[in-house]
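Side chains included, hydrogens not; waters and symmetry mates left out as well; all remaining heavy atoms used. Lettering of chains follows the sequences in order, A, B, ..., and the numbering in each one begins at 1.
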Amino acid sequence: MQIVIDRQSRVPLYRQIVDRMRELIRSGALPEGFRLPPERRLAEALGINRSTVLTAYRELKGEGLVDAHVGRGTSVRATAAPVPAVGGPPGLPWRQLFCERALRVQEPVVRDLLELTERRDVISLAVGLPAPELLPLGLLREIFVRLVDDVGPPLLLHCPTEGHTPLRETLSHRLATRGMTCSPAEVLVLSGSQQGLDLVVRALVDPGDVVVVEEPTYVGMLPVLRGAQARVVGVPADADGMRTDLLATVLEHQRPKLIYTLPTFQNPSGAELALRRRRELLELATRHRVPILEDDPYSELRYDGSPLPSLRALDDSGQVIYLSTLSKLLFPGLRLGFLAAPRSVVHQLALLKQGTDLHASSVGQLLLERFLSDGHYEPYLQSLRIAYSERRDAMDAALKEGAAVGVRWQRPRGGFYFWCRLPDDVERSRLLAAAADVGVAFLPGDACFFEPPEQAYVRLNFSYPSPEQIRDGVGRFLEAVRRSIRPAHRAVPEAVGMPPVV
Amino acid sequence: MSTRLAGRMASMRTSEIREILKLTQRPGMISFAGGLPAAELFPVEQMVRVTEEVLSRDGHRALQYSTTEGDPPLREAIAERMNRTLGTSVRADEILITSGSQQGLDLSGKLFLDEGDVVLCESPTYLGAINALRAYQPRFVEVPTDDGGMVIDELERCLAENDRIKVAYVVPEFQNPTGRTWSLERRRAFLEIMARRGIPILEDSPYGELRFEGDGMPSLKTLDTHNLVVFLGTFSKTFCPGLRVGWLAASPALRERYVMVKQGVDLHTSTLCQRQIAVYLELFNLDADIERIRDTYRGRRDAMLRAMDESFPPGIRYNRPQGGMFLWVELPDGIDAREILKSSLEDGVAFVPGAPFFPNGGHENTLRLNFSAMPEERIEDGVRRLARILTEAVDAVGVRAAEAPLTAIAGERLGR
């Protein structure tokens with residue numbers, strides 16, 4: 001295959017690859033089913049960064065020219081076969097029509113993972129889903145039947161953009177019990193908390209504005225920030241959450257529009273921001289007048305230790321936009337989330353939301369409201385805590401085997417995830433393929449950083465698989481790690497500083 | 001909090017209609033304002049059975065996360081329905097389920113519009129589209145329309161005068177706000193011109209199935225041989241708006257892009273609502289439901305037109321749409337529909353002034369009347385009240401108009 005790149009050209013390298021490959025595919029030079037060279041190999045052959053090749057392949061996939069499957073590589077798609085020149089109209093040059101913002105949204109690695117997860121022989125430790133067998137189906141059915149009697153047609157009609165009023169009241173009441181006082185007018189019901197991320201960023205961030213995130217950060221926030229053309233500044237985090245000492249330096253030198261943090265049982269790291277740091281974070285943000293977006297989907301899933309106040313609960317100056325969801329606990333498929341913020345913010349976000357989808361589904365809102373106000377929530381939550389803490393312990397125990405291989409982790413006190421640091425001699429590029437071979441899926445840590453970190457990490461989920469699947473899956477994961485350790489003779493000695501002349 | 005809003009927020013404003021709709025909540029108000037379907041026509045009882053079925057058949061799936069593209073059986077059903085009713089040849093893998101067709105608009109803005117790009121639209125056009133797209137800071141170029149849809153000569157002129165036209169947004173069937181339907185000729189001419197210029201088309205079709213009489217027209221998507229058209233559909237006008245389920249149909253490569261954008265926006269549309277609709281389509285006959293809705297709306301449109309014919313003063317133009325939910329009224333020049341609204345609200349009648357439907361302003365003498373939401377007696381009552389206010393206003397300008405040359409439209413009623 002002849003791919004030549006021109007480093008002097010003003011056309012980005014990945015575009016050069018895409019253009020050339022498209023030409024080869026269209027002309028039939030690369031026939032249907034032709035396996036493209038692995039990303040790393042092509043990168044090495046061309047002497048360019050692997051991520052450039054990755055971007056090019058994703059682009060080709062986006063254009064429908066190739067199919068990519070984890071473990072099977074990238075191959076020319078059947079329908080991409082050369083179109084006969086006669087008859088068919090040329091179609092639009094879509095790519096030229098997309099706007100800057102859209103082109104920045106890369107295909108998240110998450111989609112490939114979902115694809116892998118759908119394979120029957122694969123144990124998925126990848127996705128952040130609640131255990132389906134624990135969902136309160138029977139209750140939901142009963143509530144629905146009662147709602148039809150009590151409410152009738154409005155169940156299926158429009159409701160205000162800000163949300164069904166009784167649900168806003170119930171949510172504001174619930175927040176108050178956790179030390180977050182806000183009126184129903186300060187609550188906005190969302191179509192899932194992902195929508196909250198999108199709306200807040202759209203409302204506050206202009207292209208080129210700085211947004212501070214902890215690193216690693218929630219994988220779903222990255223496409224939102226890329227799409228907004230934000231300049232992202234990552235602040236490293238440790239076992240106690242975001243390093244507020246480093247944040248202080250960032251705030252001295254940058255003027256961020258927003259600080260995004262997931263302080264409790266963070267996704268992916270499972271870390272909990274220490275109380276002292278919570279206070280420091282608030283104090284810094286207040287002093288520099290930067291709003292904080294506090295994303296809090298997991299704090300009610302605590303398995304040990306006593307609860308820490310949320311940032312919103314500690315905030316007296318209206319600095320915090322508090323975002324949460326019940327998707328992680330209850331009915332993820334209903335797509336419901338909510339946020340609490342000062343009224344002016346709720347108003348502005350509601351205007352945006354109106355243009356986005358008018359309102360969250362009425363049925364879902366009424367179901368949730370009933371579920372909460374009929375007192376089903378607490379007992380259900382309690383049963384989840386018991387079930388999930390068993391799963392967490394099962395994963396912790398299963399990982400013990402991994403210590404010998406050099407995998408490092410910390411047992412989280414709550415949430416959904418273990419964050420594992422892999423041994424230095426693991427070849428990241430081989431890991432996913434090895435995982436596909438042994439039949440396990442997980443989230444590669446690189447997906448949670450803006451720039452790939454030096455250290456390799458993975459995120460393992462323990463809420464979705466059963467305890468047996470956890471034991472089996474962790475075993476497979478460790479096998480994949482073993483298989484992707486670089487053989488000693490291939491290890492590339494790295495020059496660390498100058499050898500002293502003696 | 002020092003909320004420094006993003007620059008693009010400056011272009012958002014509290015929608016006028018939002019304020020009017022608040023007023024319509026007052027008890028006893030006769031509302032011609034909303035775009036709401038008639039609630040009593042919705043199959044609430046059937047939905048209980050449907051939900052039972054959804055939960056007992058595959059309840060866990062219905063409550064769990066699902067793929068961004070949407071429920072496969074629902075996409076199959078939508079493709080089949082489109083192909084049957086519109087004569088398209090759409091496949092399930094060209095469908096993306098959206099959270100209402102409103103989301104299809106928002107995603108399109110995200111996908112196509114850089115600041116300063118031009119959106120070509122009808123004049124007037126759907127307000128929800130203006131608001132959704134305005135968030136991406138485009139410029140709107142309005143193409144004048146008449147009873148047959150977009151005026152092609154005017155379209156050519158607009159194309160000649162503007163560059164950076166990124167996308168065209170049109171509602172060719174029983175348009176909101178005018179209730180107008182494009183002629184077949186205009187559809188063909190429009191498509192041909194867009195194909196020549198390489199401009200993608202967003203075809204919004206929420207009302208297409210609400211035709212009361214006359215022959216159905218092929219959609220732009222049906223006529224499109226160049227993969228130009230992104231078709232936006234919804235169940236909100238024919239079924240249950242609160243479920244927030246719509247869809248878009250686009251070529252596979254383009255749909256793939258929409259999927260990526262949607263993933264960052266809300267991951268996916270409520271699984272439960274998608275399953276409810278899919279199972280409803282399987283167990284019940286949506287076509288029969290739509291037939292019932294059509295019968296009811298036809299009666300309401302007739303009641304409204306009859307009352308208008310009998311009681312409106314001369315000098316007011318309005319059309320007689322063959323379907324949809326709205327009709328469009330043009331008052332004599334010099335009468336501001338907002339002033340009329342003030343008086344009519346006092347008299348317990350609400351409607352929406354037409355000016356907000358023109359992205360670039362003007363047209364204060366127009367208004368939109370919805371005929372789908374009120375029973376016939378209330379429609380007649382409301383129209384008569386409105387007629388009294390209009391008669392006074394027309395008399396007041398009539399004095400002045402008598403001194404000016406008679407305009408061509410005086411006394412004429414459009415489409416009769």
Minimum side-chain heavy-atom gap [X]-[Y] below 4.5 Å:
X	Y	value
A/V211	A/V201	no
A/L197	A/Q194	yes
A/I143	A/R146	yes
A/L326	A/L368	yes
B/Y169	B/F140	no
A/V145	B/E52	yes
A/S317	A/D315	yes
B/R139	B/P359	no

Sort out for me which of [options] touches chain A most, counting heavy-atom pairs under 4.5 Å.
options	result
B/T271, B/L111, B/D266	B/L111
B/Q64, B/H60, B/M47	B/Q64
B/Q103, B/R275, B/R61, B/K110	B/K110
B/S236, B/P252, B/P200	B/P200
B/V48, B/V265, B/L272	B/V265
B/E115, B/E45, B/H268	B/H268

Toward chain A, the part of [X] with a non-hydrogen atom under 4.5 Å:
X	answer
B/T269	backbone
B/L107	neither
B/L105	neither
B/Q274	neither

Is it true that B/Y136 and B/F112 have ring centroids separated by less than 6.0 Å?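 No.
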Looking only at heavy atoms and a cut-off of under 4.5 Å, which of A/L137, A/L190, A/V148 has the most pairs with chain B?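 Most heavy-atom pairs under 4.5 Å with chain B: A/L137.
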If we define contacts as heavy-atom pairs under 4.5 Å, which of A/L358, A/L135, A/L367, A/V363 has the most with chain B?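 Winner by heavy-atom pair count: A/L358.
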Where on [X] is there a heavy atom nearer than 4.5 Å to chain B: the side chain, the backbone, both, or neither?
X	result
A/L199	neither
A/E142	neither
A/E133	backbone
A/A360	backbone
A/F98	both

Verdict with supporting geometry, B/S251 and B/E94, side chain to side chain donor-acceptor pair (under 3.5 Å): CA-CA 6 Å; B/S251 64; B/E94 295 172 296; over 6 Å; no
Could you check B/K262 against B/S99 for side-chain contact (heavy atoms from CB on, under 4.5 Å), going step by step and ending with a plain yes or no? CA-CA 10 Å; B/K262 178 171 165 73; B/S99 304; 3.6 Å; yes
